[in-house]
Amino acid sequence: MLACVIRATGDLDRIQVLDLPAPPTPLAPGDVRVAVRAAALNHLDLFVVRGLSHDIRFPHILGADGAGVVDAVGSGVTRVKPGDRVMINPGISDYTCDYCRAGEHSLCVTFRLLGEHLPGTIAEAVIVPEQNLGIVPLLDPPLGWAEAAAFSLVTLTAWRMLVTRAAVRAGETVLVWGIGGGVALAALRIAKLRGARVIATSSSDAKLAVAKTLGADVVLNHRTQPVAREVRLQTGGRGADVVVEHVGEPTWEESLRSLARGGRLVTCGATAGPKVVTDLRRVFWHQFTIMGSTMGNAAEYREIARQLGEGHLRPMVDRVYPLAQTRAAFERLEQGAQLGKVCVEIGPH
């Protein structure tokens with residue numbers, strides 16, 4: 001099968017499309033082989049190429065998000081059948097540990113991600129547990145393969161951040177950094193679905209204009225406007241009830257300054273740096289809550305799939321590249337020019 005791989009970590013020139021052996025058969029009883037039709041890129045994929053702290057086996061197949069057609073199923077699979085159009089939830093749990101039995105699959109002691117710890121989705125086939133698949137819903141207009149591939153990781157991440165962790169309520173003000181990326185776009189839509197007022201930032205006025213059409217109540221150019229001061233002006237001096245963080249070092253201090261007393265900051269990433277400095281006096285005096293969030297559990301995934309089926313949370317696709325041009329897709333993602341998800345189209349070999 002054709003697959004996008006790296007043989008060593010480093011710059012984006014490490015990315016190659018090679019012909020590799022197909023996933024082994026027969027399948028384990030609970031596993032499903034998916035013939036991938038499209039994959040979507042995340043910042044995680046850039047980090048994998050550059051090198052992470054844990055070891056991976058080379059050649060390593062890239063890509064966390066994907067969608068395709070069920071090609072084969074293990075003897076114990078009951079939820080899907082060959083021919084089903086499916087979306088892939090890339091967070092793989094063991095479904096047996098104490099956390100999994102309590103329904104907290106993203107806290108699983110062996111939690112792994114496709115494309116990071118396991119072979120990824122930018123390939124003609126991938127094997128996943130049946131629990132990690134959702135049926136592509138019937139929509140009008142129909143959901144394309146790229147859209148289906150773009151849905152899972154960012155939507156599940158944003159849903160857990162806003163609904164489960166931060167518990168956003170109607171009437172609250174939510175600050176979302178960096179509109180343009182998948183998590184931020186999903187967070188904007190989820191916050192509006194919950195009845196919140198959204199302040200969205202970007203360094204691009206064009207992206208901010210699109211954010212307004214998606215429901216953002218206030219938009220701020222964080223390159224030219226002091227975000228914390230503007231948030232307080234827009235909230236009568238109160239500040240935001242919730243801040244959605246995924247940037248890290250460059251935005252952390254402004255995020256804390258933007259919070260209302262008793263506010264909640266929820267973070268899922270550190271795309272621009274993981275080391276932050278926090279004045280703890282502000283944290284305890286204003287009684288902030290700072291919480292981390294990673295992916296989500298099976299119940300949350302079923303809920304976002306249901307929301308998608310009802311016409312909500314449809315992902316935005318920026319550009320679609322053929323498999324042979326996957327490196328160009330990575331380059332676009334690294335440049336930060338995208339508005340929505342950068343995707344790779346994969347057909348039968």
Engineer: Supply the atom-to-atom distance L208 CG to T201 OG1, rounded to the nearest 0.5 angstrom.
Structural biologist: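 The distance works out to 7.5 Å.
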Engineer: Looking only at non-hydrogen atoms, find the nearest pair between I92 and P129 and report the distance.
Structural biologist: CD1-CD, 3.7 Å
Engineer: Can you see which heavy atom on A186 is nearest to which on T155, and at what distance?
Structural biologist: CB-CA, 4.1 Å
Engineer: Does CG belonging to D13 count more than 12 external heavy atoms closer than 6.0 Å?
Structural biologist: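 Result for CG/D13: enclosed.
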Engineer: Around R306, counting heavy atoms of other residues, nucleotides and ligands shown, do more than 12 lie under 6.0 Å from its CZ?
Structural biologist: yes
Engineer: Side chains of V5 and H60: does their closest heavy-atom pair fall under 4.5 Å?
Structural biologist: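 No, side chains not in contact.
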Engineer: Does V168 belong to the same Ile/Leu/Val/Met/Phe/Trp/Tyr cluster as I199, with side-chain heavy atoms less than 4.5 Å apart forming each link?
Structural biologist: no
Engineer: Hydrophobic clustering (ILVMFWY, side-chain heavy atoms < 4.5 Å, transitive) - are V154 and I122 grouped together?
Structural biologist: yes
Engineer: Grab the two heavy atoms, one from A149 and one from A67, that are nearest each other, plus how far apart they are.
Structural biologist: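 Scanning both residues completely, I find the closest heavy atoms to be N-CB, 3.6 Å.
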Engineer: Any heavy-atom pair between the side chains of R165 and W159 that's under 4.5 Å?
Structural biologist: no
Engineer: Looking at side-chain heavy atoms only, is the closest gap between V49 and I15 below 4.5 Å?
Structural biologist: yes
Engineer: Ignoring hydrogens and angles, tell me if any N or O in the side chain of R85 forms a donor-acceptor pair with the backbone of G68 under 3.5 Å.
Structural biologist: no
Engineer: Would the distance check show the side chain of N132 and the main-chain N or O of N89 forming a donor-acceptor pair, the cut-off being under 3.5 Å?
Structural biologist: yes
Engineer: Quick one: CZ on R238 to CZ on R232, what's the gap to the nearest 0.5 Å?
Structural biologist: 9.5 Å
Engineer: Is the shortest heavy-atom distance from the side chain of L46 to the side chain of L12 under 4.5 Å?
Structural biologist: yes
Engineer: Mark yes or no for whether S202, through its side chain, and N221, through its backbone, hold a donor-acceptor pair below 3.5 Å.
Structural biologist: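 Pair absent, no side-chain N/O of S202 close to backbone of N221.
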Engineer: Quick one: do F330 and V320 end up in the same hydrophobic cluster if we chain Ile, Leu, Val, Met, Phe, Trp and Tyr together by side-chain heavy atoms under 4.5 Å apart?
Structural biologist: no
Engineer: I'd like to know if the side chain of E249 and the backbone of K275 have a donor-acceptor N/O pair within less than 3.5 Å.
Structural biologist: yes
Engineer: Going by distance alone, is a donor N or O of one side chain under 3.5 Å from an acceptor N or O of the other, for Y321 and T326?
Structural biologist: no
Engineer: Report yes if some heavy atom in the side chain of D31 is under 4.5 Å from a heavy atom in the side chain of V77; otherwise report no.
Structural biologist: no
Engineer: Given salt bridge (charged side-chain N to carboxylate O under 4.0 Å, His left out), test K341 with D318 step by step and report yes or no.
Structural biologist: CA-CA 5 Å; K341 299 291 287 180; D318 174 69; over 6 Å; no
Engineer: Apply the test ring-ring contact (aromatic ring centres under 6.0 Å, His included) to residues H105 and Y99: give CA-CA distance (whole Å), side-chain angles for both, the deciding distance (0.1 Å), then the verdict.
Structural biologist: CA-CA 6 Å; H105 305 102; Y99 291 106; over 10 Å; no
Engineer: Between E130 and K81, does any NZ, NE, NH1 or NH2 come within less than 4.0 Å of an OD or OE carboxylate oxygen?
Structural biologist: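 Result for this pair is no, no salt bridge flagged.
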Engineer: For the side chain of Q287 and the backbone of F284, is there at least one donor-acceptor N/O pair under 3.5 Å apart?
Structural biologist: no
Engineer: Decide, yes or no, whether a salt bridge links E253 with R282 under the criterion of side-chain N to carboxylate O below 4.0 Å.
Structural biologist: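 Result for this pair is yes, salt bridge flagged.
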Engineer: Under 3.5 Å, side chain of S93 to main-chain N/O of Y95, donor-acceptor pair present?
Structural biologist: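 No; zero donor-acceptor contacts below 3.5 Å.
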Engineer: Which heavy atom in L153 sits nearest to a heavy atom in P90, and how many Å separate them?
Structural biologist: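 Looking at all heavy atoms of both residues, the shortest contact is CD1-CG, 3.9 Å.
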Engineer: Dump the intermediate steps for salt bridge (charged side-chain N to carboxylate O under 4.0 Å, His left out) on E303 and R160, then the final yes or no.
Structural biologist: CA-CA 11 Å; E303 178 59 19; R160 186 172 182 87; over 6 Å; no
Engineer: Please check this pair: side chain of T121 against backbone of G63, looking for a donor-acceptor N/O pair closer than 3.5 Å.
Structural biologist: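 Yes.
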Engineer: Is R197 paired with D217 through a side-chain N to carboxylate O contact shorter than 4.0 Å?
Structural biologist: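 The answer is no: the pair does not qualify as a salt bridge.
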Engineer: Quick check on the hydrophobic clustering: are F151 and L333 connected, directly or via other members, by side-chain heavy-atom contacts under 4.5 Å?
Structural biologist: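 Yes: a chain of side-chain contacts under 4.5 Å links F151 to L333.
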Engineer: Please check this pair: side chain of R189 against backbone of L313, looking for a donor-acceptor N/O pair closer than 3.5 Å.
Structural biologist: no
Engineer: Spell out, yes or no, whether I190 and V198 are grouped together once hydrophobic residues are joined by side-chain heavy atoms under 4.5 Å, including indirect joins.
Structural biologist: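 The answer is yes; both residues are in one hydrophobic cluster.
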Engineer: How far does CD of E345 sit from CZ of R37, to the nearest 0.5 angstrom?
Structural biologist: 10.5 Å
Engineer: For F288 and H286, what are the C-alpha separation, side-chain angles and deciding distance, and is it a ring-ring contact (aromatic ring centres under 6.0 Å, His included)?
Structural biologist: CA-CA 6 Å; F288 294 156; H286 296 303; 5.6 Å; yes
Engineer: Can you measure from NE2 (H222) to CH2 (W177) and round to the nearest 0.5 angstrom?
Structural biologist: 6.5 Å
Engineer: Taking K192 for the side chain and A196 for the main chain, is one N or O donor matched with an acceptor at less than 3.5 Å?
Structural biologist: yes
Engineer: Starting from the C-alpha separation in whole Å, work towards a yes-or-no answer on side chain to side chain contact (heavy atoms under 4.5 Å, CB included) for L308 and L139.
Structural biologist: CA-CA 9 Å; L308 179 62; L139 297 178; 4.2 Å; yes
Engineer: Does the side chain of V126 reach to within under 4.5 Å of the side chain of P119, using non-hydrogen atoms?
Structural biologist: no
Engineer: The test is side chain to side chain contact (heavy atoms under 4.5 Å, CB included); show your working for V227 and S258 and say whether it passes.
Structural biologist: CA-CA 7 Å; V227 171; S258 299; 4.1 Å; yes
Engineer: Identify the heavy atoms of A72 and L27 that sit nearest to each other, and give their distance.
Structural biologist: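 Taking A72 first and L27 second, the nearest heavy atoms are O-CD1, 3.5 Å.
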Engineer: So, E334 side chain and G336 main chain: donor-acceptor pair closer than 3.5 Å or not?
Structural biologist: no
Engineer: Can you check side chain to side chain contact (heavy atoms under 4.5 Å, CB included) on I88 and S152, steps first, answer last?
Structural biologist: CA-CA 7 Å; I88 299 170; S152 294; 5.6 Å; no
Engineer: Using every non-hydrogen atom in the two residues, find where A40 and D45 come nearest and quote the distance to one decimal.
Structural biologist: O-OD2, 4.1 Å
Engineer: Starting at CZ of R101, measure out to CG of D94 and round the result to the nearest 0.5 Å.
Structural biologist: 9.0 Å
Engineer: Find out whether V174 and L188 are in side-chain contact, i.e. whether some heavy atom of one side chain is under 4.5 Å from a heavy atom of the other.
Structural biologist: no
Engineer: Hey, are R169 and D241 close enough for a salt bridge, meaning a charged N less than 4.0 Å from a carboxylate O?
Structural biologist: no
Engineer: With a distance cut-off below 6.0 Å to the six-membered ring centre and an angular limit of 45° from the axis, does R257 pair with W252 as a cation-pi contact?
Structural biologist: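 No.
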Engineer: I'd like to know if R50 pairs up with D11 as an ion pair, taking the criterion as any Lys NZ or Arg NE/NH1/NH2 lying under 4.0 Å from an Asp or Glu carboxylate oxygen.
Structural biologist: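 Salt bridge: yes.
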Engineer: Quick check: do E147 and P141 have side-chain heavy atoms less than 4.5 Å from each other?
Structural biologist: no
Engineer: Hey, what do you get for CD (E230) to OG1 (T224), rounding to the nearest 0.5 Å?
Structural biologist: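 Nearest 0.5 Å value for the CD-OG1 distance: 9.0 Å.
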Engineer: Please lay out, stage by stage, how Q234 and T173 fare under the test side chain to side chain contact (heavy atoms under 4.5 Å, CB included).
Structural biologist: CA-CA 10 Å; Q234 294 291 336; T173 297; over 6 Å; no
Engineer: With a 6.0 Å cut-off (strictly less than), is the heavy-atom count around CD of E310, excluding the residue itself, greater than 12?
Structural biologist: yes
